[in-house]
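Heavy atoms only: backbone and side chains are in, while hydrogens, waters and symmetry mates are out.
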Amino acid sequence: MSDNLRSLSITLVAEPKQVKSFTLTQWRIAELTLGDQGPNVLNLQLSMTERAAYRFNLTSATPRLFVRAGFTGQTPKPDAITASQDVAAGWMDGEQQVLEAPMPMAIQVWIESYLARHGEAPMEMRKKKRKGAGRAKETPTKEQPQ
């Protein structure tokens with residue numbers, strides 16, 4: 001098995017929800033287990049560029065996994081999973097359904113060891129501009145001698 005890839009099985013369940021006189025169907029993740037034994041199997045792949053997002057998720061009160069499940073308003077069809085809230089936010093910006101579930105402890109330990117092996121994401125520092133950078137140079141003219 002790869003250093004940065006784990007298979008997870010996901011079981012979804014529909015729950016009817018009454019909102020005023022309408023009945024809506026709300027989907028949620030009923031079960032999320034390690035391995036490829038289930039109705040929806042997705043591969044969680046870790047990326048070096050998302051290390052800061054993984055650390056942020058792991059240090060939250062309840063670390064989560066996020067599942068992309070097709071477009072909003074349609075029956076969910078899970079097709080991707082991530083531990084990065086940044087990636088999940090990008091999916092939601094694209095009007096995708098994103099379901100979330102508590103991250104199993106085994107996945108937390110695996111991500112923690114991945115971060116230990118590959119290092120934490122470097123802090124992004126703003127570069128200091130050199131003095132006068134970006135400013136137009138004033139040159140004397142006939143009308144305004146120095």
Val67 and Val13: same hydrophobic cluster, using ILVMFWY side-chain contacts below 4.5 Å? no
Indicate the atoms forming the closest heavy-atom contact of Ile29 with Ala101, along with that distance. CD1-CB, 3.9 Å
Tell me if the CZ atom of Phe56 is crowded by more than 12 foreign heavy atoms within 6.0 Å. no
Looking at CG of Leu8 and CG of Asn43, how far apart are the two atoms once the value is rounded to the nearest 0.5 Å? 8.0 Å
Do Leu34 and Leu42 share a hydrophobic cluster (ILVMFWY, side-chain heavy atoms under 4.5 Å, transitive)? yes
Side chain Glu100, main chain Arg64, donor-acceptor under 3.5 Å: no
Out of curiosity, Thr72 OG1 to Gln97 CD, how far, rounded to the nearest 0.5 Å? 5.5 Å
Between Tyr54 (side chain only) and Ser47 (backbone N and O only), is there a donor and an acceptor less than 3.5 Å apart? yes
Can you find a side-chain donor-acceptor pair between Thr23 and Gln18 that sits under 3.5 Å? yes
With distance as the sole test, does Asp86 use its side chain to make a donor-acceptor pair with the main-chain N or O of Ala53 at under 3.5 Å? no
Measure the OG-CG distance between Ser9 and Asn40 for me, rounded to the nearest 0.5 Å. 8.5 Å
Within this structure, what is the CD-OH distance for the pair Glu50 and Tyr114, rounded to the nearest 0.5 Å? 10.0 Å
Write down the atom of Pro104, the atom of Leu65, and the distance for their closest heavy-atom approach. CD-CD1, 3.8 Å
CG/Leu24 to CD/Glu15 distance, rounded to the nearest 0.5 angstrom? 12.5 Å
Which atom pair, heavy atoms only, marks the closest approach of Trp91 to Phe66? CZ3-O, 3.8 Å
Rounded to the nearest 0.5 Å, what separates atom CD in Gln85 from atom CG in Asn57? 4.5 Å
Let me see the working for Ser84 and Thr82 under side chain to side chain donor-acceptor pair (under 3.5 Å), right down to the final yes or no. CA-CA 5 Å; Ser84 168; Thr82 185; 4.6 Å; no
Below 3.5 Å, can you tabulate the donor-acceptor pairs from side chains in residues 105-112 to any protein atom, sequence neighbours excluded?
from, atom 1, to, atom 2, distance (Å)
Gln108, NE2, Met103, O, 3.0
Trp110, NE1, Asp3, O, 3.3
Glu112, OE1, Arg55, NH1, 3.1
Glu112, OE2, Arg55, NH1, 3.2
Glu112, OE2, Arg55, NH2, 2.7

Hydrophobic cluster membership, with links at side-chain heavy-atom distances under 4.5 Å among I/L/V/M/F/W/Y: are Phe71 and Leu99 in one? no
Path from Trp27 to Ile10 over hydrophobic side-chain contacts below 4.5 Å: yes
Leu12 with Ile81, same ILVMFWY side-chain cluster at under 4.5 Å: yes
Can you confirm whether more than 12 heavy atoms, excluding those of Gln74, are under 6.0 Å from its CD atom? yes
Looking only at heavy atoms, what is the nearest atom pair of Pro63 and Leu58, with distance? CG-O, 3.8 Å
